[in-house]
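Written out below as structure tokens is the structure these notes cover.
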Protein chains: 4
Amino acid sequence: MPRVSEEHLERRRTQILDAARTCFVRKGFHETSMQDIFAESGMSAGAVYRYFKSKTEIIQALASDAIGGLAVYVADVLAEDPVPPLDDAVGRLTSRITSMTDGLGATMRLAPQAWALALYNEEFGDYVRERMTGFRELWVIYVERLRDAGMVPADTDCRAAGKALFGMLPGFVIQYLLVGDITPEEFRRGLRALASSTALAPDPA
Amino acid sequence: MPRVSEEHLERRRTQILDAARTCFVRKGFHETSMQDIFAESGMSAGAVYRYFKSKTEIIQALASDAIGGLAVYVADVLAEDPVPPLDDAVGRLTSRITSMTDGLGATMRLAPQAWALALYNEEFGDYVRERMTGFRELWVIYVERLRDAGMVPADTDCRAAGKALFGMLPGFVIQYLLVGDITPEEFRRGLRALASSTALAPDPA
Amino acid sequence: MPRVSEEHLERRRTQILDAARTCFVRKGFHETSMQDIFAESGMSAGAVYRYFKSKTEIIQALASDAIGGLAVYVADVLAEDPVPPLDDAVGRLTSRITSMTDGLGATMRLAPQAWALALYNEEFGDYVRERMTGFRELWVIYVERLRDAGMVPADTDCRAAGKALFGMLPGFVIQYLLVGDITPEEFRRGLRALASSTALAPDPA
Amino acid sequence: MPRVSEEHLERRRTQILDAARTCFVRKGFHETSMQDIFAESGMSAGAVYRYFKSKTEIIQALASDAIGGLAVYVADVLAEDPVPPLDDAVGRLTSRITSMTDGLGATMRLAPQAWALALYNEEFGDYVRERMTGFRELWVIYVERLRDAGMVPADTDCRAAGKALFGMLPGFVIQYLLVGDITPEEFRRGLRALASSTALAPDPA
DNA sequence: TATGAATGAGGTTTCATTCAT
DNA sequence: CATGAATGAAACCTCATTCAT
């Protein structure tokens, strides 16, 4: 009795990923055993292994969904017309991050583990690298739009600025997850302060 | 060989930590077995366990050393008189980070794993939280000095700005470790661009 | 082979317990390693741990079976109608003990280890205490029946007598196991001699 | 620096045995590590091993002391002139047992472990067997004295009776240690009840 | 004589994965 | 398609004992 509906397959996959996410958020990748996932999902070992051929594959699928979920949002925000100001863009994205941390899936809690895994699992590292690069490119393009709109100097190194902006997000994630004493609003204020600063070394050029 | 000198004990400890660091950098915390550490250190199981009573304790010692090493440097830079400009400060710290990544110990490669571990190991989490908070406080004080020196507006939210500045470092670490296409110099240029930007939303006040 | 019959599961359990009993009788609880049990049972580590979640649980199951096996027999003998004479009751129970010592399982050889374990393992101690108390109660009831039948004085402290009678069994077990120079028949003769004695101190009352 | 006084040696031995006894009473033979004994005695590994060449030897020395301590007392009581009545003899010995259980050394708490060990350690088994036999012989002689004094029938099987009497002690020990709801006085009453019983099968002869 | 650092085999238990049913 | 019993390598850690100092 093969011929199972596409929809059924997708439901099963989701069921597994939801269970795995719950477990991973609760205990971490390594402390979560496949048995935990079987129990949480209410599925048998064999069933789970029909949909994912290894634990790593489950982790990758989850990471992929998470990155995807954020990427779509980032793309939307950064592509808005007219180009949104720096502090608005960052503020909205960090808000999104908090909701991805506290919401049901709590997906964002997996981020540090995914970074760590990417360092030691080549295949996963390639994947994360690729997505991260693409993701960051959105910021570069955003800065180019700022430049074109005259909101940053015409000779701005847009790539460098994109990297710096993108680089603020992991720092927010870590402070939010580990210390927990930061809000999107405060982070936004901090960014405004930096952008208002004149505390730069004399132009080296 | 009983009645051993204090120095001997310290050398043993270092020998273990060096071996462990090498293993952890190579394979990650979880993929490194205690056997790996015994082999790398050339010591027996019993000997290693005389100095550290668990694998976690080794990880903590390593993290502690690493955080300490960076903290001292950060403290030095941020406390300089006269207060160094933003881009200089960040530039020098990211340089330090690259040397802690590529140097012998390559300690910084452990950072993402430590963040991940801190999320799921309460004791370690407490420790990291505490150190991270103290570390970040240095940035807050630094911004206050900038303010006192008139290099940022007098009404700057120094705490928020400190958090934002501190928050740039994890982003640099991740890009440097995972993607590898960033340099302290480029990051510094990016920061200069942000600080020169006028792309802020109208003051909400 | 999933979806396995109840009977199959029971067979596995028995297979493990039989192997464990053999090992324990041969080498004792502590000298028997789990590897020994895997080898003796012909099962893998994982399989054994599916049925018992620790070595202690195996020991407890074995003790439980043994105590149960003896208790049923004791209950039968002591409840017989008409109430059996002292020497018959003790004689038959010690016979039972010898067959539980020499028979296939040789379960009774585990008794001293179980007593020792009960002293240092709280949970196991509670269990043994409870069973031993229930077991001993059968003797108390038996003496009450002797009293009601006029075979011991009407003012007999039946509880004390029950404890004394029950207390003869460990002494038989130890002499049988450790020295080996005693038989149920001889023990019975000894008991008859005590019961025929007039060597008591003057009634303290 | 050789030529250490005999007294010094003896003091060291005692120091070790006291520490070991404390540990064994607290945690049992197997759960007590040599490290525990080093710590409890305040001596170094090397020092302890100078006096006892193995853990087993310490256990044996302790068992030897304990058996000896009880044996001397038993010999005294059973050899009294005139020959003491049954219930007095047993009552006084069980009292002694309680004081050896609750006293400082709590030596008697080691008995079940010693019995268990004797079953699986041939050398120790031989030793215990020998001592137990000698010990029991005191009871046989005691019954012979009862017979000679006309306090038991002239045709009494004194050996059998001695074994039965001796056999009551382990049962007292176990009830006292494991259940804890028995006193020498109650045990004595129970014995009196048995000796007053007429509940014997018709003489098989 | 005394020290205590060192040994390293061996302890129990877990886990991702497979495959007969 | 689904089940879940079974595998067995490998994980972390302890321990009785030794011997250079």
Side-chain angles (χ1 to χ4, degrees), chain A residues 1-5 8-9 12 30-39 42-58, chain B residues 1-5 8-9 12 30-39 42-58, chain C residues 1-5 8-9 11-12 30-39 42-58, chain D residues 1-4 8-9 12 30-39 42-58:
Chain A
M1 52 258 14
R3 268 322 123 74
V4 153
S5 74
H8 172 82
L9 295 177
R12 287 295 219 185
H30 287 282
E31 303 310 309
T32 295
S33 70
M34 289 302 289
Q35 320 289 331
D36 290 335
I37 297 177
F38 305 152
M43 292 173 68
S44 69
V48 169
Y49 271 87
R50 174 162 296 279
Y51 294 90
F52 296 94
K53 70 171 187 286
S54 72
K55 186 178 177 181
T56 297
E57 208 175 90
I58 295 179
Chain B
M1 63 225 37
R3 241 345 117 62
V4 131
S5 68
H8 171 86
L9 296 177
R12 286 299 216 185
H30 288 282
E31 302 310 311
T32 295
S33 71
M34 289 305 292
Q35 296 298 335
D36 290 336
I37 295 177
F38 305 151
M43 292 174 69
S44 68
V48 170
Y49 274 91
R50 167 170 292 277
Y51 293 89
F52 297 94
K53 68 173 184 285
S54 69
K55 185 178 177 179
T56 296
E57 209 176 87
I58 296 179
Chain C
M1 60 225 35
R3 242 342 122 62
V4 133
S5 68
H8 171 85
L9 296 178
R11 209 161 40 223
R12 285 298 216 188
H30 289 283
E31 302 311 310
T32 295
S33 70
M34 289 304 291
Q35 296 297 335
D36 290 335
I37 296 177
F38 306 151
M43 292 173 68
S44 68
V48 169
Y49 273 88
R50 168 169 292 278
Y51 292 88
F52 296 94
K53 69 173 184 287
S54 69
K55 187 179 177 179
T56 295
E57 208 175 89
I58 295 179
Chain D
M1 27 312 323
R3 268 320 122 80
V4 154
H8 172 83
L9 294 177
R12 287 297 220 184
H30 287 281
E31 302 310 310
T32 295
S33 69
M34 289 303 289
Q35 320 289 330
D36 290 334
I37 296 177
F38 304 152
M43 294 174 66
S44 70
V48 169
Y49 271 87
R50 175 161 297 279
Y51 294 91
F52 296 93
K53 70 171 189 284
S54 71
K55 185 179 177 181
T56 296
E57 209 176 86
I58 295 180

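Just so we're on the same page: letters track the sequence lines, and every chain starts at 1.
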Sorted by chain and number, sequence neighbours left out, salt bridge (charged side-chain N to carboxylate O under 4.0 Å, His left out) with C/Arg11 holds for C/Glu7
Touch check for D/Ser33, heavy atoms < 4.0 angstrom, all strands: base, sugar-phosphate only, or nothing? sugar-phosphate
Rounding to 0.5 Å, atoms OH (B/Tyr49) and CE (B/Met34) come to a distance of 3.5 Å
Closest of F/dT17, F/dA2, F/dG8 to the D/Lys55 side chain is F/dT17
- Query: Has B/His30 got a side-chain N or O lying under 4.0 Å from the OP1 or OP2 atom of E/dA16?
  - Reply: no
Intra- and inter-strand pairing of DNA chain F, written as dot-bracket with Watson-Crick and G-U pairs under 3.5 Å and | for the latter, reads .||||||||||||||||||||
*asked:* Just to be sure I understand the rule, does A/Thr32 reach a base, reach only the sugar-phosphate, or reach nothing, if contact means heavy atoms closer than 4.0 Å?
replied: sugar-phosphate
Result for 5'-nearest mapping on DNA chain F, choosing between C/Gly42 and B/Glu31, is C/Gly42
Sorted by position of nearest nucleotide on DNA chain E, 5' first, the leading residue of B/Val48 and C/Gln35 is B/Val48
In terms of heavy-atom contacts, C/Met43 and C/Ala47 come closest through CE-CB, 3.6 Å
Is C/Arg12 near enough to F/dA6 that one of its side-chain N or O atoms lies under 4.0 angstrom from OP1 or OP2?
-> yes
With sequence neighbours left out, the residues meeting salt bridge (charged side-chain N to carboxylate O under 4.0 Å, His left out) with D/Glu31 are none
*Taking it one step at a time, do B/Tyr51 and B/Leu9 satisfy side chain to side chain contact (heavy atoms under 4.5 Å, CB included)?*
CA-CA 8 Å; B/Tyr51 293 89; B/Leu9 296 177; 3.5 Å; yes
To the nearest 0.5 Å, atom CD1 of C/Ile37 lies from atom OG1 of C/Thr32 at 6.5 Å
Sugar-phosphate only, base, or nothing, as touched by A/Met34 at under 4.0 Å among non-hydrogen atoms
base
(message) So C/Tyr51, base contact, sugar-phosphate only, or nothing? Heavy-atom distance under 4.0 Å.
(response) sugar-phosphate
* Report yes if a side-chain nitrogen or oxygen of C/His8 is closer than 4.0 Å to either non-bridging phosphate oxygen (OP1 or OP2) of F/dG4; otherwise report no. => no
Under 4.0 angstrom between C/Arg50 side-chain N/O and F/dA5 OP1 or OP2: yes
(Q) Test side chain to side chain contact (heavy atoms under 4.5 Å, CB included) on A/Arg12 and A/Arg50; report intermediate values, then the result. (A) CA-CA 10 Å; A/Arg12 287 295 219 185; A/Arg50 174 162 296 279; over 6 Å; no
